[in-house]
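Reckoned from all heavy atoms, side chains included, excluding hydrogens, waters and symmetry mates.
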Number of protein chains: 2
Amino acid sequence: MVAQQHIVRAYDEELKFLSARIGAMGGHAERMVERAVQALVSSDAALAQRIIHDDKMLDDAQREIDEKAIVIIARRQPLAHDLREIIGAIRISSDLERIGDLGKNIAKRVVAVSEARQPLRVFRGMEALSALALAQLKEVLDIFASRSVDRIASLRDRDDQIDQMYTSMFRELLTYMMEDPRNIAPCTHLLFCAKNIERIGDHATNIAETVYYTATGRQLPTERPKDDLSHDVIAPMAVSQ
Amino acid sequence: MVAQQHIVRAYDEELKFLSARIGAMGGHAERMVERAVQALVSSDAALAQRIIHDDKMLDDAQREIDEKAIVIIARRQPLAHDLREIIGAIRISSDLERIGDLGKNIAKRVVAVSEARQPLRVFRGMEALSALALAQLKEVLDIFASRSVDRIASLRDRDDQIDQMYTSMFRELLTYMMEDPRNIAPCTHLLFCAKNIERIGDHATNIAETVYYTATGRQLPTERPKDDLSHDVIAPMAVSQ
């Protein structure tokens, strides 16, 4: 009986370890993106270098979670709910690792973007876009920690705001590129940065879907299209005349 | 004894089902990308629409594999190797689903790209880039089907070729944008298409890493940086003078 309790407690600790590790990964990914955007708007190449270097922590954490998850499944042979929890941890850590990659990718473009002076407006827009995406990430990490699946619907809806803001940023950057060819290279890199931030919102939505599935055993109804609308953007009106 | 054999056979069938489903998903993803690039270079909006519509099949297949995998684990309580195989199926189907998304994303840009006539050279470049990425995808699906882990090293090395070709395509597109502002919007969409194709190569590498881990229980040594070099590209020499 005591031995049985001991096993149950050890198993519980293992599941808690996975959750705690995911929470830590989430915090790390969040800071990486935050600091990457900060490096971008302040042309801080040294900060960018540190972020690029920091990404390894997320890669290592993901591998650790993967391996730990497989060991737990093999040893404990968990049933439905716990099994979904463990598989969920594998999925979520892969989304968080990818968010770190997107942060790193922004950091890598810092030098190329700083080749030309960008209008302050562009940087403010980039900060606003990343604030939205980071709020989504923070919220989904909170939903994960508290298992508050009732907050998932509004989180998914807010992803539309990110898509819209990204699409208007896309138009704006095209306009700057048309105004002055010297803007073309740096603004192209900014376009990719904005796309990376928009993708962070998609990964937050993925994580929410995984949390929902883990908690309920059901897939979230009516898949919403995870996409921006920029692919339809032709030439901005102001310059197409 | 007969009952035991029956269970073993049923279990075997379940594992084979996962493998076969992954194979089918891989073939579907491959065709989606192939046809998306075809739609792009021939400005075929109707074909693009069909590809966008087709993507749902991959989403559904991924969900089916996920659910089936969890049922198999819960029912059969597999040990180390089989468990890795099943978790591997979950991972690989997620990479294939994402490849389908990338194909769909290319298809969505077909209309915007066809707004301006592009030099034939650009389309030939896009075809060459996607031929490389698709060869990688085909090879990794073959490695998965035959579990030939000895072919993984050369597959990983070839991803560098994709990165290099993408980076030179990036430069070339920037040059066209600088030559004529009317090229800016369509070439921006082409840049994103090229980036999508480059990402397909990364997913092929991910799949190879999963196959290696599934087969051996070890992670592939010395992680290679999965990234292109375009983030350093400033202005192309020809027009920066």
Side-chain angles (χ1 to χ4, degrees), chain A residues 56 59 63 66-67 69-71 73-74 77-80 83-84 86-87 90-91 94 101 104-113 115-116 170-171 173-175 177-179 181-182 184-189 191-192 195 206 213 217 219 223 226-227 229-236 239-240, chain B residues 56 59 63 66-67 69-71 73-74 77-80 83-84 86-87 90-91 94 101 104-113 115-116 170-171 173-175 177-179 181-182 184-189 191-192 195 206 213 217 219 223 226-227 229-236 239-240:
Chain A
K56 201 180 167 306
D59 295 345
R63 286 189 173 208
D66 274 18
E67 283 173 13
I70 289 182
V71 170
I73 297 173
Q77 310 199 323
L79 295 177
L83 188 52
R84 287 201 306 272
I86 298 165
I87 303 278
I90 293 178
R91 279 201 204 128
S94 142
D101 273 353
K104 183 172 72 170
N105 197 277
I106 293 169
K108 282 185 177 171
R109 296 183 193 274
V110 165
V111 173
V113 167
E115 280 300 306
F170 188 96
R171 276 178 211 282
L173 286 167
L174 284 195
T175 309
M177 288 156 95
M178 289 175 179
E179 280 171 6
R182 283 170 300 181
I184 289 175
C187 282
T188 300
H189 289 290
L191 270 174
F192 278 104
K195 182 70 193 168
N206 286 349
Y213 177 67
Q219 305 279 4
E223 205 191 346
K226 272 171 277 178
D227 205 357
L229 297 165
S230 67
H231 43 74
D232 290 330
V233 175
I234 303 172
V239 275
S240 66
Chain B
K56 202 181 165 308
D59 295 345
R63 287 189 173 208
D66 274 17
E67 282 171 15
I70 288 182
V71 169
I73 296 175
Q77 310 198 323
L79 294 179
L83 188 53
R84 286 200 306 270
I86 299 166
I87 302 277
I90 293 179
R91 279 202 204 127
S94 142
D101 273 353
K104 182 171 75 170
N105 196 277
I106 293 170
K108 282 186 176 170
R109 297 183 192 273
V110 165
V111 174
V113 168
E115 280 301 304
F170 188 97
R171 276 178 211 281
L173 286 167
L174 284 194
T175 308
M177 289 156 96
M178 289 176 179
E179 279 170 8
R182 282 169 302 181
I184 289 176
C187 282
T188 298
H189 290 291
L191 268 175
F192 278 103
K195 181 72 194 169
N206 286 349
Y213 177 68
Q219 306 280 4
E223 206 190 344
K226 273 172 275 178
D227 206 356
L229 297 167
S230 67
H231 44 75
D232 290 329
V233 175
I234 302 173
V239 275
S240 67

**Student:** Is it the side chain or the backbone of A:R91 that comes within 4.5 Å of chain B heavy atoms, both, or neither?
**Tutor:** side chain
**Student:** Only counting residues at least two apart or in another chain, list the ones meeting side chain to side chain donor-acceptor pair (under 3.5 Å) with B:Q219.
**Tutor:** A:E67
**Student:** Pick from A:D232, A:L191, A:V111, A:L79: which one has the most heavy-atom pairs with chain B under 4.5 Å?
**Tutor:** A:L191
**Student:** Rounded to the nearest 0.5 Å, how far apart are SG of A:C187 and CG of B:L174?
**Tutor:** 11.0 Å
**Student:** Please report the interatomic distance OG(B:S94) to CG(A:N206), rounded to the nearest 0.5 Å.
**Tutor:** 8.5 Å
**Student:** Could I get the full list of side chain to side chain donor-acceptor pair (under 3.5 Å) partners for B:R84, not counting sequence neighbours?
**Tutor:** none
**Student:** With respect to A:I87, which candidate in B:D66, B:I73, B:I86 satisfies the side chain to side chain contact (heavy atoms under 4.5 Å, CB included) definition?
**Tutor:** B:I73
**Student:** Are the side chain of B:H231 and the backbone of A:A107 linked by a donor-acceptor contact shorter than 3.5 Å?
**Tutor:** no
**Student:** Could you report the tightest heavy-atom contact between B:I184 and A:M177, atom names first, then the distance?
**Tutor:** CD1-O, 3.4 Å
**Student:** Which atoms of B:I70 are under 4.5 Å from chain A, going by heavy atoms: the side chain, the backbone, both sets, or neither?
**Tutor:** both
**Student:** Which atoms of A:Q77 come close to chain B, meaning under 4.5 Å heavy atom to heavy atom: side chain ones, backbone ones, both, or neither?
**Tutor:** both
